[in-house]
Amino acid sequence: MSIKVILDNGEEAVYPEGTTCMDLYREKTSENSDLIAVLVDGKECDLNLPLIERSAVSFVDFDSPRGAAVYRHSASHILAHAVKRLYPSAKMGIGPAIENGFYYDFEFEKPISADDLPAVEAEMKKIIKERKPIRRREMSRAEAEEIFRAKNEHYKLELIAGLPEDVVISCYEQDEFIDLCAGPHLNHTGMVKAFKLTGLAGAYWRGDEHNTMLQRIYGTAFPSKERLEHYLSMLEEAKKRDHRKLGRELELFTLHDEGPGFPFLHNNGMVIWQELADFWRREHRLAGYEEIKTPLILNRSLWEQSGHWDHYRENMYFTKIDEQDFIVKPMNCPGAMLVYGSKMHSYRDLPRRIAEMGIVHRHELSGTLHGLMRVRTFTQDDAHIFMLPGQIKAEVAGIIGLMDHFYRIFGFDYRVELSTRPEKAMGSIEMWDKATNILEQVLKDKEIAFKINEGDGAFYGPKIDFHLEDCLGRSWQCGTIQLDFQMPEKFDLTYIGEDGAKHRPVVIHRVVYGSMERFFALLIEHYGGAFPAWLAPVQATVIPVTERSHTYAGQIIKRLKEEGLRVTVDERNEKVGYKIREAQLKKIPYMLVVGDREAENGEVAIRHREKGDLGSGNLDGFISDLKKEITEKTI
RNA sequence: GCCGACGUAGCUCAACGGUAGAGCAGCUGAUUUGUAAUCAGCAGGUUGGGGGUUCGAUUCCCUUCGUCGGCUCCA
């Protein structure tokens, strides 16, 4: 008997009955050693299972996410193997492949340090060189328990206990090393061509802070040395663009021991901040928003009413005024609710779009603070939209349009995610379904691709999140649109309907930048500090060649300032090359070199920070070009 | 918060039990300079704070503050 399978090139192939994925895989890898795994009907298959009639079989290499995951997962086993050889008493946790590499968690008798990693790497290299076959073994639950009990691997026993009844339990073996693992894996250890251990960190068992802290070893693996090097140089590039480093060098902001998580913005940072805010105000006015400002500190009773006192207390800062408890606001919504509730509304007034650049304070754990990305005070570009239930769709569509407009300006690609009802949710299931459907419908109508995050919504309503992708491929959640049915209830907000009766409005919370601080940090890294002209703290600097040109330079500066441009002049007693170097390091978009020649012809020699020397031209031409670049927000 | 590492001049780093040193930046002077660093000189630090061990601490120990890398894209 024989069976037919469909190969990825669409052809049918005939094999004897009982042929397994492994057989096929062996056959294919002998032709192409880059192949990593077999997919049957689109899923990673258990290599030992016989193929069934008309299975669709395809092969993946490292360049598919699945292939890379298999490859790195095998690397993580090699890591664990090496660790067990060097530290036989170490207990194994879990060791999955992650986005850019892999890790493995261990509990060591005595904690190891980063200095121990080279020895582990060396042992891994040995294992790779040994080209140990990696074998799958399926077994009964009892047998698996027996194996890991004998080895005293209590974390593995815990994992086995947690496996569903009906699942096939499997282990992967290479030489004396065995690990509980669903697989699949590479054929033999020698297939891992290039790897590096990249870090050592603490990690709670199963990510739960109540559990033991294990030691996690991070690593990455690639099919060639070149690709590993390339990845490592990407990390270097990311380091160069680190907003904390650039923030100091370009005098954008500083952080001080006196205010952990409370950033100080310097003049250069403020210029960019104001441009971002001005742009935001303009666009929001055009989109029909009003703007408010609510107090930083408000009475505790308000926070009890909003539910923050019950749900958010450990993140809030408190103070006392005249013997009464006050709270430094962690969110802007309660204030906005008071503004809405301060007058009667007709259905004709809605929607009311109320925006606020609101400064909030949140007590984040000290270990999570990170430059401007993760702080304890930040400015949300918040807005609350109060509307009739029938207006939700149009409002959500409007916000999506606004976000798209913003993100394009900065040159960001983005991904959209829709989060649905979490387990601990308020409100009826019908209401949730209806709201979620509306959000989904808007996304579909706008033909926006999105991913659904089941159960990831806020407790008060479903939401749409926008994840921006920066130039290094990292993603950051910025914009969010959240429907809220709870707040209007808690604050007894109403509007008078056509029927003359009181009705409940619906509220949307939304942010575009998210946190101004974090968006700023993201921009610093995205542009590597070289801000487009509309944002640059200094848009042009004038460089006189000698003292003779100072008067002429003065005239140029005066003119540029009158045109509203941000300019400086470098009148120091230095050579042109020196001044240019300095301006380049400050990433100033334009340098205007003026010497005797320029003064004579009434021109300026224009140099662009990336394009270099652009030759001489008249000042008016330069001004109009630069102004155009600024108004068009050219990237 | 927890685990680990780190904290020396404005910045980047050295010295690692015998009273701290370099480069860059800064200041002064000379040089009048044409598209990424002119030369010379000067100044700069209770080595994060507190405590301990020692004849002696930047170095060893404790403590505190801060910074950095992490803290389930589930065997």
Side-chain angles (χ1 to χ4, degrees), chain A residues 65 69 73 76-77 80 92-100 102-105 107-108 111-116 144 148 153 155-164 167-172 179-183 198-218 239 242 244-245 248-249 251 254-261 314 363-371 453 475 543-550 572-586 591-598 605-609 612-616:
Chain A
H73 192 181
S76 95
H77 274 215
M92 299 193 288
I94 60 168
I98 52 176
E99 192 167 329
N100 288 309
F102 60 88
Y103 66 79
Y104 213 110
D105 288 344
E107 182 178 43
F108 291 94
I112 61 162
S113 81
D115 300 337
D116 299 316
F148 292 104
E153 294 283 2
Y155 293 111
K156 293 293 174 188
L157 288 171
E158 199 179 318
L159 290 171
I160 294 170
L163 292 176
V167 81
V168 179
I169 295 182
S170 59
C171 284
Y172 278 78
D179 194 5
L180 177 72
C181 185
T198 50
L200 179 67
Y204 299 106
W205 168 238
R206 307 201 125 173
D208 185 336
E209 59 182 324
H210 302 294
N211 288 340
T212 324
M213 172 76 65
L214 307 178
Q215 279 192 288
R216 174 169 298 177
I217 300 176
Y218 282 92
K239 240 188 219 167
D242 192 313
R244 293 166 298 187
K245 180 171 132 69
R248 189 180 51 239
E249 288 171 358
E251 295 181 53
T254 51
L255 286 158
H256 301 265
D257 288 1
E258 290 83 350
E314 60 282 15
H363 181 78
E364 301 291 350
L365 293 179
S366 59
T368 61
L369 301 180
H370 180 94
N453 277 340
S475 89
I543 298 178
V545 176
T546 70
E547 230 168 292
R548 288 195 302 281
S549 310
H550 284 189
R572 290 177 305 172
N573 181 7
E574 296 289 352
K575 290 165 100 171
V576 174
Y578 183 91
K579 295 180 186 181
I580 285 178
R581 177 179 154 80
E582 198 125 301
Q584 286 283 155
L585 293 175
K586 285 185 183 162
M591 287 150 258
L592 302 178
V593 178
V594 294
D596 296 338
R597 290 204 294 271
E598 286 73 21
I606 305 162
R607 181 188 165 95
H608 183 260
R609 69 180 167 207
D613 194 346
L614 301 177
S616 289

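Every chain is numbered from 1 and lettered A, B, ... according to where its sequence line falls, protein lines coming before strand lines.
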Next on the checklist: Does a side-chain N or O of A/His73 approach OP1 or OP2 of B/rA75 to a distance below 4.0 Å, or not?
Outcome noted: no

Checklist entry - Between A/Ser113 and B/rG4, does any side-chain N or O lie under 4.0 Å from OP1 or OP2? => result no

Next on the checklist: Check the orientation of A/Tyr155 and A/Trp205. Use parallel for under 30°, tilted for 30 to 60°, and perpendicular for over 60°.
Outcome noted: tilted

Item to check | Separation of the C1' atoms in B/rG17 and B/rG10, to the nearest angstrom | outcome: 30 Å

Next on the checklist: From CD of A/Gln215 over to C1' of B/rC71, roughly how many Å is that when rounded to an integer?
Outcome noted: 13 Å

Checklist entry - Among the nucleotides B/rU35, B/rG69, B/rC2, which one has an atom lying closest to any side-chain atom of A/Arg607? => result B/rU35

Next on the checklist: Roughly how many Å apart are B/rC65 and B/rC73, using the C1' atom of each and rounding to a whole number?
Outcome noted: 35 Å

Checklist entry - If you measure from the C1' atom in B/rU32 to the same atom in B/rU38, how many Å do you get, rounded? => result 11 Å

Next on the checklist: Under a 3.5 Å cut-off for both contacts, is B/rC2 paired Watson-Crick or G-U wobble with anything, and if yes, with which nucleotide?
Outcome noted: B/rG70

Checklist entry - Using a cut-off of less than 4.0 Å, is there contact between a side-chain N or O of A/Tyr204 and OP1 or OP2 of B/rG4? => result no

Checklist entry - How far does the P atom of B/rU58 sit from the matching atom of B/rG51, given to the nearest Å? => result 13 Å

Next on the checklist: Please pick, from B/rG34, B/rA36, B/rC71, the nucleotide with the shortest atom-to-atom distance to any side-chain atom of A/Thr368.
Outcome noted: B/rC71

Next on the checklist: Students often get this wrong, so: under 4.0 angstrom with heavy atoms, is A/Glu209 touching a base, only sugar-phosphate, or nothing?
Outcome noted: nothing

Checklist entry - Under the side chain to side chain contact (heavy atoms under 4.5 Å, CB included) test, which residues partner A/Glu574, sequence neighbours left out? => result A/Arg572, A/Tyr578, A/Lys579

Next on the checklist: Counting only side-chain heavy atoms from C-beta out, which of B/rG26, B/rA75, B/rU35 sits nearest to A/Ile169?
Outcome noted: B/rA75

Checklist entry - Is the shortest heavy-atom distance from the side chain of A/Leu157 to the side chain of A/Phe148 under 4.5 Å? => result yes

Item to check | Gap between atoms CZ and P, on A/Arg548 and B/rG34 respectively (whole Å) | outcome: 10 Å

Next on the checklist: Can you tell me which nucleotide in B/rU38, B/rU72, B/rU35 comes closest to the side chain of A/Val593?
Outcome noted: B/rU35

Next on the checklist: Using the C1' atom as the point on both nucleotides, what is the distance between B/rA25 and B/rU12, in whole Å?
Outcome noted: 11 Å

Checklist entry - Which part of the nucleic acid does A/Glu582 contact within heavy-atom distance under 4.0 Å: base, sugar-phosphate only, or nothing? => result nothing

Item to check | Integer-rounded Å distance: B/rC73 C1' and A/Arg216 CZ | outcome: 11 Å

Checklist entry - Which residues pass the side chain to side chain contact (heavy atoms under 4.5 Å, CB included) test with A/Asp208, sequence neighbours left out? => result A/His210, A/Asn211

Checklist entry - Is there a donor and acceptor pair, one atom on the side chain of A/Glu598 and one on the base of B/rG34, closer than 3.5 Å? => result yes

Checklist entry - How many Å lie between CG on A/Asp208 and P on B/rC71, as a whole number? => result 15 Å

Next on the checklist: Run A/Leu592 and A/Ile543 through side-chain contact (heavy atoms from CB on, under 4.5 Å) and show every step you take.
Outcome noted: CA-CA 6 Å; A/Leu592 302 178; A/Ile543 298 178; over 6 Å; no

Checklist entry - Do A/Glu99 and B/rC73 have a side chain to base donor-acceptor pair shorter than 3.5 Å? => result yes

Next on the checklist: From the set B/rG66, B/rA75, B/rG70, return the single nucleotide nearest to any side-chain atom of A/Pro260.
Outcome noted: B/rG66

Checklist entry - Quick one: A/Glu251 CD to B/rG26 P, roughly how many Å, whole number? => result 11 Å

Next on the checklist: Measuring only the C1' atom in each nucleotide, how far is B/rA9 from B/rG4? A whole number of Å is fine.
Outcome noted: 29 Å

Checklist entry - Do any N or O atoms from the side chain of A/Gln215 and from the backbone of A/Pro111 form a donor-acceptor pair under 3.5 angstrom? => result no

Next on the checklist: As a test of reading the structure: which of B/rA37, B/rG34, B/rA75 is closest to the side chain of A/Ala605, going by heavy atoms?
Outcome noted: B/rG34

Checklist entry - If only side-chain N and O atoms of A/Arg244 are considered, is one of them under 4.0 Å from the OP1 or OP2 phosphate oxygen of B/rC68? => result yes

Item to check | Short side-chain N/O contact to B/rU12 OP1/OP2 from A/Arg248, under 4.0 Å | outcome: yes

Next on the checklist: If you only use heavy atoms from C-beta on, which nucleotide in B/rG1, B/rC2, B/rA75 is closest to the side chain of A/Leu180?
Outcome noted: B/rA75

Checklist entry - Can you tell me how far P in B/rU59 sits from the matching atom in B/rG49, rounded to whole Å? => result 11 Å

Checklist entry - Under 4.0 angstrom, heavy atoms only, what part of the nucleic acid is A/Lys579 near: base, sugar-phosphate, or nothing? => result nothing

Next on the checklist: From C-beta outward on A/Asp179, which listed nucleotide comes closest to its side chain: B/rG69, B/rA75, B/rG34?
Outcome noted: B/rA75

Checklist entry - Looking at side-chain heavy atoms only, is the closest gap between A/Val545 and A/Val594 below 4.5 Å? => result no

Checklist entry - From B/rU72, B/rU35, B/rG66, pick the nucleotide closest to the side chain of A/Asp257? => result B/rG66

Item to check | Euclidean distance, atom CZ of residue A/Arg581 to atom P of B/rG34 [Å, nearest integer] | outcome: 18 Å

Checklist entry - To the side chain of A/Leu159, which of B/rG34, B/rU67, B/rA75 is closest? => result B/rA75

Checklist entry - When you check the phosphate oxygens OP1 and OP2 of B/rA25, does a side-chain N or O of A/Tyr578 lie under 4.0 Å from one of them? => result yes

Next on the checklist: What's the gap between B/rG69 and B/rC74 when it is taken at their P atoms, as a whole Å value?
Outcome noted: 23 Å

